[in-house]
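Note that the structure is predicted; figures quoted are calculated from it, not measured.
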Amino acid sequence: MNGLGERRNSLILICRMSLAVKTALLLLLTLLPAELLAQPFVLPSPNRAIYDPEGATKYFAPTPGRDWRSGTFGCVRSEGWQMHEGIDILPVSRDKKGEPTDQVWAAADGTVAYLNRKIALSNYGNYIILKHTIEGLEVYSLYAHLNSIRSDLKIGVPVKAREVIGVLGRTANTRQAITKDRAHLHFELNFLVNDRFSQWHKSYLPGQRNDHGDWNGQNLIAIDPLEVFKGQQKDGSRYSLLNYVRNQTELCRIMVRDTKFPWLARYIRLVRRNPIAEKNGIAGYEIALNYNGLPFQLIPRSELEIPGKARIQLLSVNAAEQAKHPCRKLVAKKGAQWELTATGQKLIELLVY
Ligand SMILES: [Zn+2]
């Protein structure tokens, strides 16, 4: 895959977009080398133990009776069968009553995408979502269980990296409250699946409540912040989030007979080139997903390259990766055959909705 081809492919997609301004901006992004746009994340709180070789126990807040690993990202809950979409960061300072007083900082320049100040509406309690554009990727950082949110923040307000956005806390609507000793910042780095989520939710899950609109957890796919912070520490200014995302380990590969869905425009830099489809017309996309369901590589396919007529097809599964990270249950084996589970199917339905 050479860069020029990718750009040509990007151009084909951009041509379909209606907003002239957006088109011009995207065009500019695809023509600039990724390195020029790299903007590293900063740690979201004063706790820096993540960078100490022995600091894990000082950085991650474990769940009751478990070790620090239960506060990391991945299949770390319920004996490995439940996904934790973020990292739980311990406070470093407390007041006389033992409540945490750590400031919470924006992890990168961005704007406020969403705020929830109604603790009763979420197991995340008070939380903030910030939108960032990094190397042409829309990335959303999330800060949960906050004691308080800075009072002047509202949707659309710009913030700078390391700007104070709230105070670390332990708010949540769960029956089991977060105890004082377990107070932590739940921090996520997310990709947005579909900005038509609310409509999708109405038609696919009728009667179910959707309190947070497009910011429903089902519409966000997280990556591991620890890997990003560690990668930045290792590579310094040469670190590329885009390369990190492009080089995810593949869980499975699917084919969709769909040529227009929001992910293509939002994450155009994850779309690869295919001269055959460019010449013969694109009939669908081959998509590689990581174990958490992140569509990290999309290849346009022409009609003659798509087997079968089904709208969504599972092409292949990396069994070793599924065995290593089984908790998202996106694929399962039925007899000798791998299949998309209902969860996997639902994710793809939402992706192409
Ligand atoms: Zn958490």
Side-chain angles (χ1 to χ4, degrees), residues 38-51 58-61 71-73 84-95 99-135 137-174 178 180 182-192 211-217 219-226 228-229 232 241:
Q39 182 208 15
F41 288 100
V42 298
L43 293 180
S45 81
N47 192 337
R48 298 189 58 80
I50 200 175
Y51 295 134
K58 293 195 196 107
Y59 198 77
F60 296 104
T72 63
F73 175 91
H84 184 227
E85 299 265 358
I87 56 176
D88 291 346
I89 305 170
L90 286 165
V92 294
S93 54
R94 293 178 184 267
D95 63 15
E99 295 291 351
T101 55
D102 293 40
Q103 292 179 339
V104 172
W105 304 324
D109 293 357
T111 54
V112 176
Y114 187 67
L115 296 164
N116 178 56
R117 288 186 167 103
K118 293 178 185 154
I119 295 169
L121 282 188
S122 175
N123 54 1
Y124 282 178
N126 286 322
Y127 70 92
I128 302 171
I129 300 178
L130 301 181
K131 175 184 174 175
H132 318 279
T133 303
I134 292 171
E135 295 173 76
L137 299 172
E138 269 185 30
V139 184
Y140 295 84
S141 59
L142 183 151
Y143 313 77
H145 307 312
L146 299 176
N147 179 297
S148 60
I149 291 174
R150 205 179 86 198
S151 58
D152 62 319
L153 286 188
K154 53 183 183 217
I155 292 169
V157 168
V159 291
K160 287 285 180 196
R162 213 169 266 135
E163 190 173 318
V164 178
I165 54 173
V167 175
L168 189 149
R170 53 193 182 97
T171 56
N173 73 350
T174 40
I178 300 172
K180 222 185 271 182
R182 280 203 67 244
H184 61 266
L185 170 65
H186 172 96
F187 176 73
E188 297 180 4
L189 291 177
N190 287 301
F191 288 68
L192 183 69
D211 291 321
H212 306 289
D214 285 352
W215 308 103
N216 186 305
N219 199 29
L220 297 168
I221 302 177
I223 56 171
D224 185 354
L226 179 62
V228 173
F229 289 131
Q232 287 183 173
L241 183 77

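- Taking all atoms of both residues into account, the shortest heavy-atom contact from Phe73 to Ala222 is CZ-O, 3.5 Å.
- At least one donor-acceptor pair closer than 3.5 Å links the side chain of Asn173 to the backbone N or O of Asn123.
- For the pair Phe60 and Leu226, the minimum side-chain heavy-atom distance is below 4.5 Å.
- Taking each heavy atom of Val42 and Ala161 in turn, the nearest pair found is CG2-CB, 4.4 Å.
- In this structure, the side chains of Tyr59 and Leu90 stay at 4.5 Å or more apart for every pair of heavy atoms.
- Side chain of His84 to main chain of Thr72: a donor-acceptor pair is present (N/O by atom type, distance under 3.5 Å, no hydrogens or angles).
- Looking at Leu220 and Ile129, their side chains come closer than 4.5 Å, going by heavy atoms from C-beta outward.
- Note: His212 and Tyr114 have perpendicular aromatic rings, judged against thresholds of 30 and 60 degrees for the angle between ring planes.
- Screening Tyr124, Tyr127, Tyr143 for a ring-ring contact (aromatic ring centres under 6.0 Å, His included) with His186, the sole residue that qualifies is Tyr124.
- In this structure, CG in Asp224 is found 7.5 Å from CD1 in Ile87, a value given to the nearest 0.5 Å.
- The backbone N or O of Lys58 lies less than 3.5 Å from a partner atom in the side chain of Asn47, making a donor-acceptor pair.
- The CG atom of Leu43 sits 4.0 Å away from atom OH of Tyr51, with the distance rounded to the nearest 0.5 Å.
- If you take OG1 on Thr171 and CG on Asn116, they are separated by 8.5 Å, rounding to the nearest 0.5 Å.
- A donor-acceptor distance shorter than 3.5 angstrom exists from the side chain of Asn126 to the backbone of Leu146, with no hydrogens or angles considered.
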Residue pair Ile165, Val159: steps toward the side chain to side chain contact (heavy atoms under 4.5 Å, CB included) verdict:
CA-CA 8 Å; Ile165 54 173; Val159 291; 4.3 Å; yes
Quick one, Val164 with Trp105, criterion side chain to side chain contact (heavy atoms under 4.5 Å, CB included). Give me CA distance, side-chain angles, the key distance, then yes/no.
CA-CA 5 Å; Val164 178; Trp105 304 324; 3.9 Å; yes
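- Put simply, the side chain of Glu188 never gets that close to the backbone of Leu142: no donor and acceptor are under 3.5 Å apart.
- Separation of atoms CD1 (Ile128) and CD1 (Ile149) is listed at 4.5 Å; rounding is to 0.5 Å.
- To the nearest 0.5 Å, the span separating CD1 on Ile178 from NE2 on His145 amounts to 4.0 Å.
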Derivation of the side chain to side chain contact (heavy atoms under 4.5 Å, CB included) call for Val167 and Asp102:
CA-CA 6 Å; Val167 175; Asp102 293 40; over 6 Å; no
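- Applying the side-chain hydrogen bond (donor to acceptor under 3.5 Å, both in side chains) test to every pair with at least one member in residues 156-167, sequence neighbours left out, gives these pairs: Arg150-Glu163.
- Nearest heavy atom pair, residue Phe187 against residue Ala107, reads CZ-CB, 3.8 Å.
- Scanning both residues, Ser45 and Leu185, for their nearest heavy atoms gives CB-CD2, 4.3 Å.
- Pairing each heavy atom of Ile155 with each of Leu115, the nearest pair is N-CD1, 4.2 Å.
- Remark: side-chain polar atoms of His132 are not paired, donor with acceptor, to backbone N or O of Tyr140 under 3.5 angstrom.
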One pair to check against side chain to side chain contact (heavy atoms under 4.5 Å, CB included): Leu241 and Ile223. What are the steps and the verdict?
CA-CA 11 Å; Leu241 183 77; Ile223 56 171; 4.1 Å; yes
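- Counting only distance, with no hydrogens or angles, the side chain of Asn219 and the backbone of Leu192 share no donor-acceptor pair below 3.5 Å.
- Interatomic distance, CZ of Arg182 versus CZ of Arg170, reported as 11.0 Å (0.5 Å rounding).
- Here the shortest heavy-atom pairing between Ala172 and Ile119 reads O-CG2, 3.7 Å.
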